[in-house]
Amino acid sequence: MRVTMIGAGYVGLVSGACFADFGHVVTCVDKDPAKIAALEKGHIPIFEPGLADIVASNVQAGRLFFATELTEAVRSADVVFIAVGTPSRRGDGHADLTYVHQAAREIAAAIEGYTVIVTKSTVPVGTGDAVEAIIREVRPDADFAVVSNPEFLREGAAIADFKRPDRIVVGTEDERAGEVMRALYRPLYLNQSPLIITNRRTAELIKYAANAFLATKITFINEIADLCERVGANVQEVARGIGLDNRIGPKFLHAGPGYGGSCFPKDTLALVKIAQDADSPVRIVETVSAVNEVRKRAMGRKVIAACGGDVAGKTVAVLGLTFKPNTDDMREAPSIAIIRTLQDAGATVRAYDPEGVEQAKTVLDGVIYAENVYAAIDGADALVIITEWDAFRALDLDRVKQLLREPVVVDLRNIYPPQDLLGRGFTYVSVGRPQALYED
Ligand SMILES: NC(=O)c1ccc[n+]([C@@H]2O[C@H](COP(=O)([O-])OP(=O)(O)OC[C@H]3O[C@@H](n4cnc5c(N)ncnc54)[C@H](O)[C@@H]3O)[C@@H](O)[C@H]2O)c1
């Protein structure tokens with residue numbers, strides 16, 4: 001099949017490359033000329049493990065192409081995906097559909113013959129209807145169907161997630177379009193990924209409901225972690241104790257500094273707005289979003305407390321800036337609010353991240369970037385671990401202690417056993433594991 005992907009970001013590029021790997025002929029179109037120029041030279045504009053290889057092999061095989069202009073690619077396509085950004089609209093949290101509507105207009109002008117237009121971007125319920133109306137208005141004569149096919153891949157594990165998804169959700173009531181989507185995804189559900197075909201509005205809502213549920217699970221365990229600190233309980237053991245219950249499940253029960261990233265913050269906010277507009281508020285999600293928002297600066301204050309209540313004139317070493325490991329994505333990363341809180345209190349922040357520095361420079365001011373872990377720690381008054389990159393999981397603790405001016409470690413991902421650090425004479429603060437539990 002001939003597939004055109006509008007938007008070559010995290011979702012468009014990964015999906016496009018994976019569809020090409022299944023044997024489809026794919027063109028990824030992006031209006032950002034620098035992105036397309038890089039891809040044409042064989043450079044991948046984002047960090048995603050395994051993506052460079054799969055892009056290179058499919059370009060080589062003549063199945064993956066790039067373009068800045070969509071007309072040619074859309075005219076010859078059987079399926080056109082919209083995979084452009086849907087950020088929060090400034091001021092009110094609604095999903096900003098400017099890019100989606102713009103893409104729909106451009107696609108409308110170019111389609112020829114029966115074309116299935118698929119919204120892969122995360123979009124509010126009813127967006128499929130709006131896309132259909134736009135295309136119909138521009139091209140009353142066109143033969144097309146608009147389908148919803150939300151994407152569930154996780155950055156950092158995107159290729160495996162795309163190739164072996166827990167499920168594929170397709171929203172359409174158009175039988176012909178349903179057949180096209182089945183054919184497109186056949187290589188996947190032969191691999192036993194369930195294909196859920198439902199109506200378009202249901203598919204659109206499934207995506208928001210999934211992200212809001214996951215965000216709720218994270219926020220729940222974060223609040224339980226805070227309670228653990230007050231009452232002398234261990235959140236990791238609470239999480240294990242509840243997670244072994246099959247009705248609850250062990251995933252997304254890791255206490256930490258609050259969720260961030262390009263999806264959960266904006267998607268929870270957008271669901272809140274969708275629900276309010278439908279006169280059916282989702283108060284749980286409203287609370288989740290509010291609780292998570294204040295948590296990030298609270299984590300900054302936790303660091304200040306670990307430093308004796310004052311960081312003015314001190315240097316704090318930060319390990320990990322991206323919103324999670326194995327990505328370079330800094331969108332809504334908790335590190336941003338934590339670092340600003342420390343800077344507001346007068347600290348100098350020296351940071352190291354394996355992949356995120358280039359993007360961090362675009363959102364953070366006044367941070368000193370170190371070349372490696374130990375250069376970040378050298379002479380600092382405290383060390384804070386914000387993102388659990390593998391490279392931070394087995395630090396040389398003797399060296400860390402030697403390099404730090406004060407042996408203070410704040411581990412916001414609970415990656416170290418408290419006994420290890422306390423036994424070595426560190427002041428060690430983690431999340432939901434109060435120090436009193438480890439004193440004789
Ligand atoms: N990032 C994720 O992990 C993830 C996972 C699931 C779903 N999503 C959803 O997928 C969508 C895309 O997310 P992303 O992270 O890939 O965004 P992104 O910002 O990385 O990429 C979007 C790309 O679209 C391009 N673009 C915008 N308008 C265009 C147009 N008219 N023509 C051509 N290109 C255009 C931009 O230049 C950009 O490169 C969002 O709705 C997001 O919520 C993201």
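Read the numbers this way: they start at 1 and go in the same order the structure lists the ligands and their atoms.
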Subject >> R154, CZ: over 12 other non-hydrogen atoms inside 6.0 angstrom >> reply: no
Subject >> Donor-acceptor pair between Y10 and D328 side chains, under 3.5 angstrom >> reply: yes
Original post:
Does R247 pair with D245 as a salt bridge, N-O distance under 4.0 Å?
Top reply: yes
**OP:** Let me know which protein residues bring a heavy atom to under 4.0 Å of ligand 1; chain then number is fine for ordering.
**Re:** I6, G7, G9, Y10, V11, V29, D30, K31, D32, K35, A83, V84, G85, T86, Y99, E106, S121, T122, E151, L153, E155, K207, S262, C263, K266, R331
Original post:
Does OH in Y114 sit with more than 12 non-hydrogen atoms of other residues, nucleotides or ligands closer than 6.0 Å?
Top reply: yes
**OP:** Applying ring pair (Phe, Tyr, Trp, His ring centres under 6.0 Å), run through F162 and F19 and close with a yes or a no.
**Re:** CA-CA 9 Å; F162 191 88; F19 278 132; 5.1 Å; yes
Original post:
Is the count of non-hydrogen atoms from other residues, nucleotides or ligands lying under 6.0 Å from E69 atom CD greater than 12?
Top reply: yes
